[in-house]
Participant: 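Could you have a look at this structure, given as structure tokens, before my questions?
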Amino acid sequence: MSRWTDLAGKASGEDYAARFAALARSGKNVHGEARFCAALVPVGARVLDAGCGTGRVMIRLAELGYDCVGVDLDASMLAVAREQSPGLPWFQVDLAEFEPAQLGIAGGFDLVVAAGNIFPLLAPGTETTVVEHLSAALRPGGLLVAGFGLDEAHLPVPPHLTLSDYDDCCAAADLTLVDRFATWDADPYDGGGYAVSVHRR
């Protein structure tokens, strides 16, 4: 069982979407992740949203002209995504078992994005396997972008994954660190409790 499943239970999608809808109504920009990704690859690039949740990031990227696929394990989150944008391809799958061909889709993505604390909420011990599967889904030269918390102030569960751990997982999957930021606004990383990492295959 993933740490997310243990945390959220079985009916999290609508609550999660409502929280971000309230943030958007308050005037907060809720599209930082999509803007960050759009600065890395050209319009029309193929993007995999790994752990897409309710589809907030992927729907925005699709609106900007990207060719997107979303995968997530949480059925309640995917139900919201499909309701909001039924024309986009959404798949329920464990990232530790993700293989594009088994879903009838092509690999060779230009970018894989894992936003929303995906890696700290995986089932402990599966991080390397997940990174390997996501790396395999990239084209040579493709990018893996992951943003996640590193301390209690930025995580809903006790922290267990360090940046060094994550970089080791990436190195084992033939990924090389390109850059690291403190936020999705591309602020320089200063050793704080949240990091957005960009690795290249």
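Quick caveat, the model's predicted, so the values are computed rather than measured.
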Participant: Answer yes or no: is there an ion pair linking D110 with R139, defined by an N-O contact shorter than 4.0 Å?
Facilitator: yes
Participant: Could you tell me the separation between the CD atom of Q92 and the CG atom of D72, rounded to the nearest 0.5 Å?
Facilitator: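 These two atoms lie 8.0 Å from each other.
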Participant: Testing V145, L163, D179 one by one against S197 for a side-chain contact (heavy atoms from CB on, under 4.5 Å), which residue passes?
Facilitator: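 Going through V145, L163, D179 one by one, the side-chain contact (heavy atoms from CB on, under 4.5 Å) with S197 is satisfied by L163 alone.
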Participant: Tell me, do D167 and R180 make a side-chain contact under 4.5 Å, heavy atoms counted?
Facilitator: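 Side chain of D167 against side chain of R180, heavy atoms only: contact under 4.5 Å found.
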Participant: D94 and side-chain contact (heavy atoms from CB on, under 4.5 Å): which partner among T126, L73, L122?
Facilitator: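 Result: among T126, L73, L122, L73 is the only option passing the side-chain contact (heavy atoms from CB on, under 4.5 Å) with D94.
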Participant: Among residues at least two apart in sequence or on other chains, which ones pass side chain to side chain contact (heavy atoms under 4.5 Å, CB included) with A79?
Facilitator: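 Counting only residues at least two positions away or on another chain, A79 forms no side chain to side chain contact (heavy atoms under 4.5 Å, CB included).
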Participant: Between R60 (side chain only) and A34 (backbone N and O only), is there a donor and an acceptor less than 3.5 Å apart?
Facilitator: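 No, the answer is negative, given that no donor and acceptor are paired below the 3.5 Å cut-off.
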Participant: What are the two closest heavy atoms between C37 and L111, and how far apart are they?
Facilitator: SG-CD2, 3.9 Å
Participant: Do L95 and I118 make a side-chain contact, defined as non-hydrogen atoms from C-beta onward lying under 4.5 Å apart?
Facilitator: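 In short, these two side chains touch, coming nearer than 4.5 Å.
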Participant: Write down the atom of A50, the atom of V112, and the distance for their closest heavy-atom approach.
Facilitator: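 That closest heavy-atom pairing would be CB-CG1, 4.0 Å.
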Participant: Mind listing the closest non-hydrogen atom pair of C68 and P89 along with its distance?
Facilitator: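 That closest heavy-atom pairing would be O-CG, 3.1 Å.
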Participant: Compare every heavy atom of V71 with every heavy atom of V93, then report the nearest pair and how far apart it is.
Facilitator: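 Minimum heavy-atom separation between V93 and V71: CG1-CB, 3.6 Å.
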Participant: Would you name the heavy atoms of A106 and R46 that are closest together and state the gap between them?
Facilitator: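 Looks like O-NH2, 3.0 Å.
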Participant: Considering residues at least two apart in sequence or located in another chain, which fulfil the side chain to side chain donor-acceptor pair (under 3.5 Å) criterion with Y166?
Facilitator: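 Per chain and number, Y166 pairs via side chain to side chain donor-acceptor pair (under 3.5 Å) with no residue.
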Participant: Just wondering, are more than 12 heavy atoms of other shown residues or ligands nearer than 6.0 Å to CD in E63?
Facilitator: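 Atom CD in E63 is packed in, count exceeds 12.
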Participant: Using a 3.5 Å distance criterion without hydrogens, assess whether the side chain of D185 forms a donor-acceptor pair with backbone atoms of D187.
Facilitator: no
Participant: For T162, which residues count as a side chain to side chain donor-acceptor pair (under 3.5 Å) partner, sequence neighbours excluded?
Facilitator: D165
Participant: Run the salt-bridge test on E33 and R56 with the 4.0 Å N-O cut-off and return the result as yes or no.
Facilitator: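 Yes, this pair counts.
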Participant: With sequence neighbours excluded, what pairs up with A186 under the side chain to side chain contact (heavy atoms under 4.5 Å, CB included) test?
Facilitator: F36, F181
Participant: Look up atom CG in L144 and atom CG in L177, then write down how far apart they are to the nearest 0.5 Å.
Facilitator: 10.5 Å
Participant: Using a side-chain heavy atom cutoff under 4.5 Å and only I, L, V, M, F, W and Y, what cluster partners does W90 have?
Facilitator: M58, I59, L78, L88
Participant: How long is the gap from CZ on F98 to CD on E132, to the nearest 0.5 Å?
Facilitator: 14.5 Å
Participant: List the residues meeting side chain to side chain donor-acceptor pair (under 3.5 Å) with D151, not counting sequence neighbours, and say none if there are none.
Facilitator: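 D151 satisfies side chain to side chain donor-acceptor pair (under 3.5 Å) with H154 once adjacent residues are dropped.
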Participant: For the atom pair CG (L175) and CG (L134), what is the distance rounded to the nearest 0.5 Å?
Facilitator: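 So the CG of L175 and the CG of L134 are separated by 9.0 Å.
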Participant: Give a yes or no on whether the backbone of V41 and the side-chain of Y66 come within a donor-acceptor separation of less than 3.5 Å.
Facilitator: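 Yes: the side chain of Y66 pairs with the backbone of V41.
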Participant: State yes or no: do V69 and L103 share one hydrophobic cluster built from I, L, V, M, F, W and Y residues joined by side-chain heavy-atom distances below 4.5 Å, directly or via other members?
Facilitator: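 They do share one cluster, since a chain of ILVMFWY contacts under 4.5 Å joins V69 to L103.
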Participant: I want to check something: taking the side chain as every heavy atom from C-beta on, are I105 and P100 in contact at a cut-off of under 4.5 Å?
Facilitator: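 Yes; the side chains approach each other to less than 4.5 Å.
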Participant: Kindly indicate, with the supporting measurements, whether the criterion side-chain contact (heavy atoms from CB on, under 4.5 Å) is fulfilled by L121 and F148.
Facilitator: CA-CA 9 Å; L121 295 175; F148 54 86; over 6 Å; no
Participant: Please check this pair: side chain of E127 against backbone of G125, looking for a donor-acceptor N/O pair closer than 3.5 Å.
Facilitator: yes
Participant: Of all the heavy-atom pairs spanning T129 and A96, show the shortest one and how long it is.
Facilitator: CG2-O, 3.5 Å
